[in-house]
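Read the structure below first, then the notes.
All chains are named by letter (A, B, ...) in the order of the sequence lines, taking the proteins before the strands, and each is independently numbered beginning at 1.
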Amino acid sequence: MNESLAIPHLSAVTHQALMSVRTRFAPSPTGYLHIGGVRTALFNWLLAKGAGGQFLLRIDDTDQQRNVEAALAPILHGFRWLGLEWDEGPEVDGPYAPYFQSQRSERYQAAVEKLLETGAAYRDFATTEELTAEREAAQAAGEPFRYSRKWMAETPEQATAFEAEGRQGVMRLKMPTEGTLEINDLVRGTVKFDWGREQDHVVQRADGSCLYHLATVVDDHDFKITHVVRAEEHLSNTPRQVFIAQALGYPLPEFAHVPYVAEPGSKNKLSKRKLEKYLKNRDFAALNNKGQQIAERLGLETSAETFNPVIVDFYEEVGFLPDAILNYLVLLGWSLDDSTEEFSREEMIQHFTLARVNKAPASFDAQKLLAFQQRAMNALPTKQKVARSVEFLKRAGLVSDPPPCDVAEYVTQIVEAAGDRITVFGDILEFDDFFTADDQLSYDEKAFGKRLVKPDDAAELLTAFRAKLADAKGFDAESLDKLLHDFVEQQGIKIGQIIHAIRVAVTGKAVGFGMFETLAILGQQRCLARIDRALKLLADAKG
RNA sequence: GCCCCGUUGGUCUAACGGUGAGGAUAGCGGGCUUUCAAUCCGCUGAUGAGGGUUCGAUUCCCUCACGGGGUGCCA
């Protein structure tokens, strides 16, 4: 063994340990997890996992909301459901706890004091009115606003004097007045800013509470974040954060500003507040309706504000597969090449790079999401499809809980016959006719009219076919296929003249999957019972 | 107003300065069929505008338009 082999190996390990990639996502506890936020979080997660590093969750609750815990729970739940586990953060903690900004005030206070000491910040006593006046004057003069620092207190004497006037002091950054800042953004490349255009931002209010920009810089440093990957709306905020970091003597993290996820069919940022507008988008509305229908069958108490395709909970309730959502989302702003579309979790981790993240926002496309879901669902083994479908059936009250012992077998037949008609697990509920008692089956009025009432020979044919069914020896799909075809030949009719009537009679619906599978699954007794009932209803209808 | 970022079919995207601008999804037409779905075959559809640089521009530069962000004691 020679040394030249051993040494590089060792140093590579050391290097990796030192340079361990740490990323974070910083949600505010708003009570729900936004799909656009998840996409940004996913990029962070992928970057960290791909480098063997850590992904952390930090809670931006500087606003001190009253019920942080309740508002945070759905967010954490959403991350877990998607399988975006965090290495450090709420509930799992970690070496740099606490991970809640509301609990880190002392850290921010210490930073403010240091900024003051080094002259990077100053106490300011301007009133809101005075600042507004300055702003308006600058605007009237057509000049960019820059605070005059008239009420800046650089000595304790000055501060005392201002306080004597009844003024309250805040802490402001003393920003450079000239020069340029160049940052090398991992997505956007070199971006230049003019220091002279930056404001003396407030970092601490009169009541001692600190603002976001200060807090985020301190936290990212404390948590040893190496890559700040966030939405592009923060790009313009970066200079002030760089200033704070440098003033505190922190090394700068890498920055990557990723585009936001846009509204369906537009380039506006996707927001939870404009749902009404999105519902005018056909595809978005279709997805939403699908969800609402499933929710209704499940008996969920939903409202448009808390249950819609912008919110991650929606997908869980309706029965999407997390991997399908991630696969769709990763392609919203990132691509590997000109043709690869399908990625497992591991493949995403393996291939993701910031260099191939797009600069332009990408619109949320409900149809394409559904297409990814469809594909993932088709690839799922029947056994898993059945297990999840049974859960949904139980929740909808269509099978009792605990289910009868043969439920899995029964549902397996349905799932297999349904094939790709099941896009999300909630779709199983559309086949409720397999789970209702024969004398409770409800008939679609339109279908009943068109296929049973209207054709003059419906009752006659159905009665004749019922007799055949009653005598049937085998009741599997293949035998039934033959049975019906023989019947049709005997009667000298086309199959279309009877098969729709049969479908409506036994399922109550105009559409469904293969007729023979349907009959076979229901079994002889139930088919006969349902046909009898349909014939009776038909007779009543014809009066 | 000023500063920063962006702009390829409806949508997501690909294209060392040299491709018939490729793929996906959607749409349309047709076949198959007992309905729906699926499937098969075929088709429509894009480089925001204008100037440069270049033998050659989606790609580089400038101007404009449009969209987004910042200019907050919001995050």
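Here the rule is side chain to side chain donor-acceptor pair (under 3.5 Å) with A:H257, and of A:R188, A:K359, A:R230, A:H234 only A:R230 fits it.
As judged by a 4.0 angstrom heavy-atom cut-off over every strand, A:H257 is placed among residues making no nucleic acid contact. Using a 4.0 Å heavy-atom cutoff across all strands shown, A:N378 reaches no nucleic acid atom at all.
B:G17 is unpaired under the Watson-Crick or G-U wobble criterion, no partner having all donor-acceptor distances under 3.5 Å. Nucleotide B:C2 forms a pair with B:G70, judged by Watson-Crick or G-U wobble geometry with both contacts under 3.5 Å. The partner of B:G42 is B:C28, by the rule that a Watson-Crick or G-U pair needs both atom distances under 3.5 Å. Nucleotide B:C60 forms a pair with B:G52, judged by Watson-Crick or G-U wobble geometry with both contacts under 3.5 Å.
The CG-C1' distance, from A:L211 to B:G72, rounds to 9 Å in whole Å. Atom CD in A:E232 sits about 12 Å away from atom C1' in B:U7, given to the nearest Å.
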If a protein heavy atom is under 4.0 Å from the base, mark B; if only from the sugar-phosphate, S; if neither, -; do that for nucleotides 31-38 of chain B going 5' to 3'.
---BBBBS
Base-contact (B) and sugar-phosphate-only (S) positions in nucleotides 14-25 of chain B, heavy-atom cut-off under 4.0 Å, - elsewhere:
SS------BBBS
Go along nucleotides 41-48 of chain B 5' to 3' and tag each nucleotide: B for a protein heavy atom under 4.0 Å from its base, S when only backbone or sugar atoms are that close, - otherwise.
--------
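Look at A:N237 and you won't find any side-chain N or O under 4.0 angstrom from OP1 or OP2 of B:G69. Between A:R230 and B:G69 there is no side-chain polar atom (N or O) within less than 4.0 angstrom of OP1 or OP2.
Other residues, nucleotides and ligands place no more than 12 heavy atoms under 6.0 Å from the CD atom of A:Q168.
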Test A:N308 against A:Y278 for side-chain contact (heavy atoms from CB on, under 4.5 Å), laying out the working first.
CA-CA 10 Å; A:N308 66 66; A:Y278 306 157; over 6 Å; no
